[in-house]
Every structure is written in C-alpha cells, then in structure tokens.
Amino acid sequence: MCEDRKDMSTDLRDSRSRAASTPSGPSAAAAGPPAPGPRAVAELHDLVIDWFDENARDLPWRAPDAGAWSVMVSEFMLQQTPVSRVLPVHQEWLARWPRPADLAQESPGEAVRAWGRLGYPRRALRLHAAATAIAQRHGGEVPREHDELLALPGVGEYTAAAVASFAYGRRHVVLDTNVRRVFARLVSGTAYPPNATTAAERRTAGGLLPADEATAARWAAATMELGALVCAARSPACGSCPVAARCAWRLAGSPAHDGPPRRGQTYAGTDRQVRGRLLAVLRASSDPVPQAVLDGVWHEPVQRARALDGLVADGLVEPLADGLYRLPA
DNA sequence: TAGACGTGGCA
DNA sequence: TTGCCAAGTCT
C-alpha cells in the first residue's frame with residue numbers, strides 16, 4: 001500500500017492538471033463541486049491518514065488502553081470546549097469514575113461539581129444520565145451501535161458517530177465543526193461551512209468515507225485532527241497541509257467568507273452569565289446555600305430570579321425549604 | 001430552525 | 001479591548 005502511493009500521487013497530479021487546463025470537463029457543469037474519482041479519493045485518504053500518523057496529538061482518550069467510556073466522557077467534555085481545558089478534568093473523572101456504573105452511583109450534583117468550569121454544565125447532568133442508562137439498560141457497557149448511542153441523553157448525531165467510530169472502530173460519517181471546515185475548503189472552496197449542517201455536507205462526507213471499516217475510523221479521526229491543527233478557523237497553516245495542493249479553496253485564491261455572518265455569541269449581561277455565577281457559588285459550597293448569598297452574585301433581581309428558576313427547571317439546582325439551594329442530590 | 005446554553009484564550 | 005472561536009445538543 002505504501003508502494004503504489006507514489007504512483008497514485010503522480011496520477012493525481014496529472015489528472016488535476018488535465019482538469020485545470022480543460023475548461024469543458026464532464027462534471028464541470030454540475031451544481032456542486034465535481035466528485036473526485038476513486039483514485040483521487042484513495043490518494044486523499046492516504047495523504048490525510050499518513051499525516052495523522054505523524055502528527056496526531058497524544059491524547060489520553062486515544063491511548064491504546066483507553067476504553068469506550070473514556071472516549072465517551074471526552075466527547076461530552078469536548079462539545080464546545082477546547083482540548084486543553086478538557087484534559088485535566090477528563091483525567092479526574094476517569095480516575096474517580098472508571099466505569100459508567102461508578103458515575104451512576106453518584107448524585108447528579110457531584111457530576112455537576114466535578115464538571116468544574118468546563119461550561120455548559122447541563123452536559124454533566126446528561127453524562128450522568130447517560131451513565132445511569134448504560135448501567136441500567138446496557139449492562140454497564142457503553143453501547144456500540146449508533147442508534148443505541150443516539151438514544152442516550154446528551155448524545156446527538158455527532159457524538160454517537162464519534163463514539164462508535166473512535167471507541168469501536170465502526171464506519172460512520174463523523175461530521176464535527178473541524179471536519180465540516182476541512183471539507184468546505186477542500187471540496188467546496190469556501191472559507192467556512194454553512195451555519196447549520198446541510199444535506200450536501202452529509203453527502204460530501206459520505207462520498208469521501210473509506211469503504212473499509214478500520215480505514216473509515218482512521219479517516220474520521222484524521223480529518224478532525226487536520227481541522228483542529230492545520231485547517232484552523234482563523235489562521236490556517238496551509239504550508240503544513242498534506243492536501244493543500246488539491247484544496248479547492250486554495251486553488252480559488254483563498255477567497256474571504258462571503259455568506260451570512262457567522263453566528264456570534266454574546267455573553268456579558270445575559271442569563272447565561274448569571275446562571276454561571278449562581279452555579280459557581282453552589283459548586284464551591286458543600287452545604288446548602290441561602291438565597292441571600294445567591295442574591296449577591298447579580299444586582300438585577302428579575303434577571304437573577306429568572307436565571308435561578310431556569311437552573312432549577314433544568315435540574316442543575318435543587319431548592320430546599322427555608323430558602324436554601326444546593327446542587328441536586 | 002433559530003436560539004439558548006458557560007467559559008476562557010487568543011488575535 | 002472586543003470579538004471570534006472551541007470534538008454540539010436540545011427544544
């Protein structure tokens with residue numbers, strides 16, 4: 001397989017220069033980008049996977065002895081939170097709760113407390129609920145089927161595919177923000193993917209997915225890593241990219257983003273900020289906290305009450321008698 | 001389907 | 001300093 005890579009590379013360059021110098025290619029009139037031939041796709045797989053073999057970060061949930069539970073915990077924590085901040089918390093969780101059943105035996109409040117400042121603490125609640133479901137319905141083993149994973153709390157399309165692929169080596173389209181950006185540039189020639197995942201993106205990703213199961217799983221991890229380390233959102237390192245020569249965005253002159261504005265997230269002054277402050281106080285206290293203490297975190301009483309009510313409604317906070325509050329028991 | 005949902009680092 | 005961005009899910 002290593003031997004004919006050189007040959008494929010030559011063929012690829014040839015076919016690309018032919019395509020570039022021949023305006024009336026057969027697929028040029030189609031609405032989407034032309035689908036690369038099987039040789040070109042196989043070449044792409046080799047280039048990206050070889051790059052991954054050389055450059056993959058040494059992350060604990062990728063270790064050979066990392067189990068599916070380690071992968072699953074990492075996937076929950078990595079939802080919208082950078083790797084560097086996940087690393088220490090993931091280590092603590094796996095040491096404290098090495099199996100789903102261990103977490104399931106704890107109170108949900110302990111999960112929220114141990115979540116620390118990772119953000120989006122509902123994820124802690126959902127991970128705890130997922131662990132409970134795994135203990136009750138799956139004999140304590142993280143399920144390996146995509147639909148079983150998808151049925152777990154907090155597991156959506158991406159996480160189900162990621163766990164099945166990374167933990168069990170299954171073949172799934174793993175479409176996260178990194179992969180979507182890589183394909184937007186490489187295939188579609190745009191600086192960024194659309195705001196919401198489209199059917200066209202799923203089609204593209206499905207068409208590029210290696211047929212072989214083990215290779216598909218490798219490809220999923222490799223494209224994500226490429227997006228995270230090289231094909232970055234703000235300053236892509238195209239000089240280090242293994243597929244820069246065939247990147248549609250590069251070939252088009254790296255045009256700036258021209259679509260609708262990328263969704264910004266305001267934070268200061270929002271309910272989210274108030275919720276964050278309230279929960280920080282509750283996490284720090286092993287005893288129930290009086291309402292008066294919570295009142296100190298935010299000046300505006302209406303918003304403060306709304307935020308606290310929201311936390312209670314979400315199950316992140318438990319109201320007790322006498323105006324006391326605590327993390328859920 | 002658009003908006004809610006935390007937090008911190010970097011340009 | 002401000003705004004963007006980080007392995008999404010749920011409603």
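Every chain is numbered from 1, with letters handed out A, B, ... down the list of sequences. Heavy atoms only: backbone and side chains are in, while hydrogens, waters and symmetry mates are out.
For the P atom pair drawn from dT2(C) and dC5(B), the interatomic distance equals 23 Å after rounding to whole Å. Distance noted for atom C1' between dA6(C) and dG6(B): 12 Å (whole Å). Comparing the C1' positions of dT11(C) and dT7(B) gives a spacing of 23 Å, expressed to the nearest Å. A distance of about 15 Å separates the P atoms of dA11(B) and dA7(C), rounded to the whole Å.
Q291(A) CD: more than 12 foreign heavy atoms inside a 6.0 Å radius. Atom CG of D322(A) has 12 or fewer heavy atoms from other residues, nucleotides or ligands within 6.0 Å. Taking a 6.0 Å sphere around CD of E300(A), one finds it holds more than 12 heavy atoms contributed by other residues, nucleotides or ligands.
Judged as a ring pair (Phe, Tyr, Trp, His ring centres under 6.0 Å), and not counting sequence neighbours, the contacts of H172(A) are H146(A). The ring pair (Phe, Tyr, Trp, His ring centres under 6.0 Å) search around W93(A) returns W97(A), W115(A), not counting sequence neighbours. When the side-chain hydrogen bond (donor to acceptor under 3.5 Å, both in side chains) test is applied to R62(A), the partners found at least two apart in sequence or on another chain are E225(A). Qualifying side-chain hydrogen bond (donor to acceptor under 3.5 Å, both in side chains) partners for D102(A), counting only residues two or more places apart in sequence or in other chains: R99(A).
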**OP:** Begin from the C-alpha positions of Y168(A) and V142(A) and carry the test side-chain contact (heavy atoms from CB on, under 4.5 Å) through to its verdict.
**Re:** CA-CA 10 Å; Y168(A) 295 120; V142(A) 175; 3.7 Å; yes

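A cation-pi geometry, defined here as NZ or CZ lying under 6.0 Å from the six-membered ring centre and within 45° of its normal, holds between R185(A) and Y192(A).
Looking at residues 109-133 of chain A, you'll see R126(A) sit with a heavy atom under 4.0 Å from some atom of DNA chain C. DNA chain B lies under 4.0 Å from no heavy atom of any residue of residues 165-183 of chain A. DNA chain C is contacted by E75(A), L78(A), Q79(A), Q80(A), P82(A), V83(A) of residues 71-103 of chain A, taking any non-hydrogen atom closer than 4.0 Å. Near DNA chain B, defined here as any heavy-atom distance below 4.0 Å, the residues from residues 221-239 of chain A are R234(A), listed numerically.
Taking 4.5 Å as the limit, every side-chain heavy atom of L209(A) sits out of range of all side-chain heavy atoms of V174(A).
A salt bridge does not link R246(A) to E43(A): none of the charged side-chain nitrogens sits closer than 4.0 Å to a carboxylate oxygen.
Counting non-hydrogen atoms under 4.0 angstrom, E157(A) reaches the backbone sugars and phosphates but no base. Across all strands shown, L311(A) has no heavy atoms under 4.0 Å from either base or sugar-phosphate atoms. At a threshold of 4.0 angstrom between heavy atoms, the contacts of R283(A) are confined to the sugar-phosphate backbone, with no base atom among them.
Computed from coordinates, the Y267(A) OH to dG9(B) C1' distance equals 15 Å when rounded to whole Å.
The nucleotide range of DNA chain C contacted by chain A, defined by atoms under 4.0 angstrom from heavy atoms of the protein and reported 5' to 3', is dG3(C) to dC10(C).
Mapped onto DNA chain C by nearest heavy atom, L152(A) and Y158(A) fall at different nucleotides, with Y158(A) at the one closer to the 5' end. When each of P153(A) and W61(A) is assigned the nucleotide of DNA chain C bearing its nearest heavy atom, the one mapping closer to the 5' terminus is W61(A).
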All N/O donor-acceptor pairs, side-chain side in residues 151-161 of chain A, below 3.5 Å, sequence neighbours left out:
residue	atom	partner	partner atom	Å
Y158(A)	OH	E75(A)	OE1	2.7
T159(A)	OG1	Q79(A)	NE2	3.0

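Clustering of Ile, Leu, Val, Met, Phe, Trp and Tyr side chains at separations under 4.5 Å places L279(A) together with V112(A), L125(A), V274(A), L278(A), V281(A), L282(A), V289(A), V293(A), L294(A), V297(A), W298(A), L308(A), L311(A), V312(A), L316(A), V317(A), Y325(A), L327(A).
The side chain to side chain donor-acceptor pair (under 3.5 Å) analysis of residues 126-136 of chain A, with sequence neighbours excluded, yields no pairs.
Linking ILVMFWY side-chain heavy atoms closer than 4.5 Å, directly or via other members, places Y120(A) and V89(A) in two distinct hydrophobic clusters.
Between A216(A) and P210(A), the closest heavy-atom pair is CB-O, 3.5 Å.
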